[in-house]
Enquirer: 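To start, I am sharing the structure in question, which I have written as structure tokens.
In listed order, ligands and their atoms are each counted from 1.
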Amino acid sequence: MSPVMRLSRQTLQQLPETIERPAYDPAGVTIGIVHLGIGAFHRAHQAEFTDIVLPRDPSWGICGVSLRSAETRDALAPQDGLYTLKVQDGQGVALRVIGSVVETLVAPENPEAVLARMLDPATRIVSLTVTEKGYCHNPATGTLDENHPDILHDLEHPEKPRSAVGFIVEALSRRRASGVPAFTLLSCDNLPSNGHVLKRVVTRFAEMRDPQLGTFAATVASPSTMVDRIVPATTDADRVAIADSLELEDAWPVVTEPFRQWVVEDDFPLGRPAWEEAGAVFVEDVSAFETMKLRLLNGSHSTLAYLGYLAGAETVADAMALPGMRELIEGLMVEEVSPTLPSLAGFDLPAYRRALIERFDNPALRHRTWQIAMDGSQKLPQRLLGTIRDRIADDASCERLTLGVAAWMRYARGIDEAGNVIDVRDPLAGRIAALTQGLDGAEGIVDAFLGLTEVFGGDLSGDQLFRSRLVDALSRLMSDGAGVVLATRKQSVV
Ligand code: CS2
């Protein structure tokens with residue numbers, strides 16, 4: 001029977017002994033961080049790091065903001081923001097109740113309440129996990145897409161913004177007017193030099209509103225970070241299993257793996273939590289870590305997701321078990337990605353790659369290929385295309401990476417190998433469908449995709465060698481299917 005009582009501050013004390021709970025009184029926590037994009041990733045990553053250090057300084061509680069739907073607030077508000085983090089792999093399970101998210105707001109319902117929080121002088125950090133598309137940027141260049149519908153909206157209605165960029169700039173403008181120093185911006189999304197990208201789009205948008213505001217925005221601290229933890233979407237089965245262990249209902253627990261990593265540039269003029277005590281690593285320049293993670297982990301993930309989905313694998317672990325997949329991913333990491341990485345003194349790259357394979361194999365995480373396949377047009381530039389660019393410049397092979405890109409093209413057209421419709425989620429899905437409509441040959445399809453210069457950049461869009469390799473890979477996927485291509489790949493490679 002499922003429990004009737006709900007997790008909350010009141011019921012916290014009745015949790016079974018085995019469940020770890022906040023080592024502080026959640027009622028005594030005040031807000032120091034406004035987080036835009038309160039999804040599962042934030043709750044399994046930054047919110048846990050913060051939870052660990054709150055006993056030392058309870059002034060760093062988090063106000064979590066949803067920029068779109070009310071779902072998270074509706075689940076967490078009746079629980080006083082408390083939720084369970086379930087950490088699991090093939091070996092075991094650990095449950096911990098997190099108390100660092102002390103308020104949840106829904107931006108479209110009340111943008112003014114979000115702005116009020118951002119203006120509060122106690123708010124010293126505004127962090128973000130709004131996914132790649134949330135930056136309203138051109139993925140190939142990292143600059144603001146000035147024609148983005150949300151940007152056009154926010155330019156016209158600066159006091160009622162929709163986008164993260166619009167909220168940040170309006171809050172900075174009001175803080176500046178009332179003499180409150182600017183908060184530190186902290187991007188926690190999977191973008192190369194995420195702090196720089198954020199600063200660039202914020203500064204440009206501020207400039208479009210008012211040149212002086214642009215000058216002010218250019219002075220705001222925006223350290224880059226590398227974030228890592230695999231966090232699949234929570235399922236109903238997870239909810240039921242967690243309620244059984246808690247003997248309480250939790251409307252939105254989060255499930256993740258034991259591994260977690262956070263590398264952060266230490267530039268916080270108004271201070272920060274002592275996240276290093278929770279395992280974060282502070283460095284001067286995060287870019288080498290970020291390139292490594294995006295190219296090795298996320299590049300492999302996207303390749304696994306597109307090829308795996310097409311070959312009928314529902315999860316990453318299933319995809320890893322497809323004949324030929326493990327060899328493909330290992331070869332991609334060792335032979336094609338690793339030679340392009342900047343060197344990191346003292347870093348054990350082979351051990352990092354081995355750990356990645358183990359993480360992809362984690363049988364306890366049902367990480368759906370479909371989930372990772374989302375928003376490919378925003379992800380591919382930093383995950384696969386940058387590496388391909390470097391390999392082409394070095395006159396080196398990139399057959400596996402190219403197969404990953406071709407698999408995206410095959411997937412993004414929206415029909416699977418059995419002729420069924422794929423639920424493609426991508427801001428460019430409509431454009432891709434229109435561009436490729438009626439085409440049935442690999443050459444025409446590749447040319448249509450390469451016309452997306454905001455994805456491929458002017459250089460790769462016009463690269464003839466890249467084009468012919470893509471045509472070759474896509475024709476094989478179209479004629480043989482992903483499963484056969486994977487299983488027979490070795491023979492077909494020259
Ligand atoms: C994944 C990432 O959904 C995706 O695109 O590749 O969310 C991945 O799980 C994380 O970056 C791991 O840190």
Enquirer: N/O to N/O below 3.5 Å, does that happen between Arg229 and ligand 1?
Expert: yes

Enquirer: List ligand 1 atoms under 4.0 Å from Lys379, heavy atoms only on the residue side.
Expert: 3 (O), 4 (C), 5 (O)

Enquirer: Does the pair Arg43/Glu48 count as a salt bridge with the N-to-O cut at 4.0 Å?
Expert: no

Enquirer: Got the closest protein heavy atom to atom 13 (O) of ligand 1, with its distance?
Expert: Asp228 OD1, 2.5 Å

Enquirer: Would you call Glu257 and Arg359 a salt bridge, taking side-chain N to carboxylate O under 4.0 Å as the test?
Expert: yes

Enquirer: Going by an N to O cut-off under 4.0 Å, is there a salt bridge joining Glu330 and Arg400?
Expert: no

Enquirer: Hey, is Arg368 touching ligand 1 through its side chain, its backbone, both or neither, going by heavy atoms under 4.0 Å?
Expert: neither

Enquirer: Any nitrogen or oxygen of Arg359, side chain or backbone, less than 3.5 Å from one on ligand 1?
Expert: no

Enquirer: Before we go on, tell me: are the rings of His148 and His153 under 6.0 Å apart, centre to centre?
Expert: no

Enquirer: Phe360 ring centre to Arg326 NZ or CZ under 6.0 Å, with the angle to the axis within 45°?
Expert: no

Enquirer: In the protein, what heavy atom is nearest to atom 6 (O) of ligand 1, and what distance, to one decimal place, separates them?
Expert: His301 ND1, 2.7 Å

Enquirer: Quick check: does Gln371 get an N/O under 3.5 Å from an N/O on ligand 1?
Expert: no

Enquirer: At a 4.0 Å threshold, what atoms of ligand 1 neighbour a non-hydrogen atom of Lys293?
Expert: 10 (C), 11 (O), 12 (C), 13 (O)

Enquirer: Stepwise, does the ring-ring contact (aromatic ring centres under 6.0 Å, His included) test hold for Phe49 with Trp262?
Expert: CA-CA 9 Å; Phe49 280 86; Trp262 195 11; 5.2 Å; yes

Enquirer: Taking everything shown except Glu71 itself, do over 12 heavy atoms lie less than 6.0 Å from its CD?
Expert: no

Enquirer: Any idea which atoms of ligand 1 are less than 4.0 Å away from a heavy-atom of His367?
Expert: 9 (O)

Enquirer: Should the pair Asp459-Arg389 be classified as a salt bridge under the 4.0 Å nitrogen-to-oxygen rule?
Expert: yes

Enquirer: For atom 2 (C) of ligand 1, what's the nearest protein heavy-atom neighbour? Residue, atom name and distance, please.
Expert: Asn298 ND2, 3.6 Å

Enquirer: Is it the side chain, the backbone, both or neither of Ile372 that has a heavy atom closer than 4.0 Å to ligand 1?
Expert: both

Enquirer: What protein heavy atom sits nearest atom 7 (O) of ligand 1, and how far off is it?
Expert: Asn190 ND2, 4.3 Å

Enquirer: Determine whether any heavy atom of Arg383 lies closer than 4.0 Å to an atom of ligand 1.
Expert: yes

Enquirer: Just wondering, do Arg413 and Thr436 contact through their side chains at under 4.5 Å, heavy atoms?
Expert: yes

